[in-house]
Amino acid sequence: MYDDYQKSAKPYRIEVFKQKAIIVTGARQVGKTTMLKQLVNKTELPFVFLNCDEANVRATLTDISIERLKSIIGANKIIFIDEAQRVTNIGLTLKLIVDNFSDVQLLVTGSSSLDLAIGIKESLTGRKFEYHLFPFSVAELVDETNVLIEEQALEKRLIYGTYPDAINYPGKKKSCY
């Protein structure tokens, strides 16, 4: 029901291939990775997905050379770095990609906007578009259902929030935090 982020009440207009990194931050489990994977799949362009939860990916992206980046990027047109805040000195790595691979779109997610911002603030000045993804708003939920249904769901929304899992799997009694 809410898996398609195109149905958002006020969707972001993400500018791609403007020689700038696209940085998406937000709370855990809000849908950053899912949204960007959907965007990447719609382009049908070759891409590489780098999950920084994996130790070998973190190690590779820390203090990396342009030659090593060339071997990782290859013929891919999109580089998707997920959970970038986990990489030491990620700002410099992102700067190298933006400055040296002008035909490549860099997509970056981070759960902690503060940690990510510290690593990229100076290195990517003028080289990035930043977006913050929030859980669903009440207006978005009302657009998909109606006011009465959302009023009836208020107690559950206050307990479980408006994160995608809480909305998509309402029968599950687990917190999405």
Side-chain angles (χ1 to χ4, degrees), residues 2-3 5 8 11-43 45 47-74 76-102 104-137 160-168 174-177:
Y2 293 93
D3 292 328
Y5 288 89
S8 175
Y12 285 123
R13 178 172 170 82
I14 296 178
E15 301 277 339
V16 294
F17 292 99
K18 299 288 185 182
Q19 296 182 343
K20 293 185 185 271
I22 294 174
I23 312 284
V24 179
T25 59
R28 290 187 182 114
Q29 298 296 306
V30 78
K32 300 175 300 292
T33 303
T34 301
M35 180 184 71
L36 287 181
K37 280 183 176 179
Q38 287 180 358
L39 176 69
V40 167
N41 289 333
K42 284 184 180 186
T43 69
L45 293 171
F47 69 94
V48 61
F49 178 78
L50 302 169
N51 182 351
C52 298
D53 283 336
E54 297 180 29
N56 63 333
V57 172
R58 284 193 308 272
T60 298
L61 293 177
T62 301
D63 298 323
I64 193 168
S65 69
I66 293 174
E67 288 305 313
R68 181 76 171 126
L69 280 170
K70 284 180 186 176
S71 69
I72 292 169
I73 294 171
N76 292 295
K77 295 297 176 191
I78 299 174
I79 308 306
F80 185 167
I81 301 176
D82 195 31
E83 299 293 347
Q85 79 279 358
R86 299 190 188 285
V87 178
T88 304
N89 297 324
I90 189 61
L92 183 56
T93 301
L94 300 178
K95 180 182 182 293
L96 286 173
I97 295 170
V98 171
D99 288 352
N100 293 285
F101 301 91
S102 60
V104 170
Q105 178 61 63
L106 177 61
L107 303 176
V108 181
T109 69
S111 293
S112 172
S113 58
L114 179 60
D115 289 343
L116 188 58
I118 290 169
I120 66 170
K121 190 173 188 176
E122 191 172 307
S123 297
L124 288 180
T125 300
R127 295 176 176 92
K128 66 187 180 319
F129 293 124
E130 293 182 77
Y131 302 91
H132 189 83
L133 188 61
F134 294 95
F136 292 111
S137 70
Y160 298 108
T162 58
Y163 286 80
D165 276 355
I167 303 302
N168 287 328
K174 74 170 199 170
S175 175
C176 295
Y177 305 104

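FYI, side chains are in, hydrogens and waters are out, and symmetry mates aren't considered; it's all heavy atoms of this structure.
- The shortest non-hydrogen separation linking Leu69 to Ile64 is CD2-CD1, 3.7 Å.
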Report the C-alpha distance between Cys52 and Ile81 in whole Å, list the side-chain angles of each, state the deciding distance to 0.1 Å, and finish with yes or no for side chain to side chain contact (heavy atoms under 4.5 Å, CB included). CA-CA 7 Å; Cys52 298; Ile81 301 176; 3.5 Å; yes

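- Here OG of Ser111 is found 5.5 Å from CZ of Arg28. Values are rounded to the nearest 0.5 Å.
- You'll find the side chain of Gln38 reaches within 4.5 Å of the side chain of Thr34, heavy atoms only.
- Contact detail for Tyr163 and Ala27: the closest heavy-atom pair is OH-CB, 3.5 Å.
- Just one residue in the list Asn41, Val24, Asp82, Ile78 forms a side chain to side chain contact (heavy atoms under 4.5 Å, CB included) with Leu36, and that residue is Val24.
- How far CG of Leu107 is from CD1 of Ile23: 9.0 Å, rounded to the nearest 0.5 Å.
- Pairs passing the ring pair (Phe, Tyr, Trp, His ring centres under 6.0 Å) check and including a residue from residues 80-100, sequence neighbours excluded, read Phe49-Phe80.
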Candidate pair Glu130 and Thr25, rule side chain to side chain contact (heavy atoms under 4.5 Å, CB included), full reasoning: CA-CA 8 Å; Glu130 293 182 77; Thr25 59; 5.7 Å; no

If you apply the rule side chain to side chain contact (heavy atoms under 4.5 Å, CB included), what do you find for Gln85 with Ile90, and how did you get there? CA-CA 7 Å; Gln85 79 279 358; Ile90 189 61; over 6 Å; no

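- Partners of Asn56 under the side-chain hydrogen bond (donor to acceptor under 3.5 Å, both in side chains) rule, at least two apart in sequence or in another chain, do not exist in this structure.
- With rounding to the nearest 0.5 angstrom, the CG atom of Asp53 is 4.5 Å from the CZ atom of Arg86.
- Closest approach of Lys20 and Phe129 over heavy atoms only: CD-CZ, 3.5 Å.
- In this structure, Glu67 CD and Ile72 CD1 are separated by 11.5 Å, a value rounded to the nearest 0.5 Å.
- Taking CG of Leu106 as the start and NZ of Lys128 as the end, the distance is 12.5 Å to the nearest 0.5 Å.
- No donor-acceptor pair under 3.5 Å is formed between the side chain of Thr109 and the backbone N or O of Lys32.
- Put simply, the side chain of Arg58 never gets that close to the backbone of Val87: no donor and acceptor are under 3.5 Å apart.
- Of all the heavy atoms in Ile66 and Phe101, the pair that sits closest is O-CZ, 4.2 Å.
- When every heavy atom of Leu61 is checked against every heavy atom of Thr93, the shortest pair comes out as O-OG1, 2.7 Å.
- In this structure, the separation between CD1 on Ile73 and CG on Leu50 is 9.0 Å, given to the nearest 0.5 Å.
- The minimum heavy-atom distance linking Gly31 with Leu133 is given by the pair C-CD2, 3.6 Å.
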